[in-house]
Amino acid sequence: MLNRSQLEEFLERMFEEKRVELPEDIEIDDVVEAFCQCLDDDLSEWLKVKFFDFFLLTSGESTIDWDWIRQSISSL
């Protein structure tokens, strides 16, 4: 879950840096919520990709190399 107050601060900084002004009929809270939805969608897809990468799987595989996982854990 994204921190909406941090995201709002980020967007406000970016708008200021890029000299972007919100139209009067658009509230920053609505922009933050819409941007969060966009990020959540992307994050979900990114997590799926990273899951398969980390567990060394292709989308059709179901076998995980647990020895490789153990090595990854032990190197922390």
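Not measured: the values here are computed from a predicted model.
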Next item on the list: Check the hydrophobic clustering (I, L, V, M, F, W, Y; side-chain heavy atoms under 4.5 Å; chains of links allowed) and say if V49 and L39 are grouped together.
Entry: no
Test of understanding: with side-chain hydrogen bond (donor to acceptor under 3.5 Å, both in side chains), list the residues that count as partners of [X], not counting sequence neighbours.
X   : result
D67 : R70
S5  : N3
E9  : none

Which residues pass the side-chain contact (heavy atoms from CB on, under 4.5 Å) test with [X], not counting sequence neighbours?
X   : result
V20 : F15, K18
W46 : L43, K50
I64 : F55, L57, W66, I69
D41 : none

Notebook entry, point to check: So how far is it from C38 SG to L2 CG, rounded to the nearest 0.5 Å?
Noted result: 10.5 Å
Next item on the list: To the nearest 0.5 Å, tell me how far F35 CZ sits from M14 CE.
Entry: 9.0 Å
What pairs of donor and acceptor atoms, side-chain ones from residues 21-33 against any protein atom, are under 3.5 angstrom apart with sequence neighbours left out?
from : atom 1 : to  : atom 2 : distance (Å)
E33  : OE1    : R4  : NE     : 2.8
E33  : OE1    : R4  : NH2    : 3.4
E33  : OE2    : R4  : NH2    : 3.1
E33  : OE2    : Q37 : NE2    : 3.4

Next item on the list: Would you please name every residue forming a ring-ring contact (aromatic ring centres under 6.0 Å, His included) with F10, sequence neighbours left out?
Entry: none
Note to self: Tell me every residue that passes salt bridge (charged side-chain N to carboxylate O under 4.0 Å, His left out) with E16, counting only those two or more places apart in sequence or in another chain.
What the structure shows: none
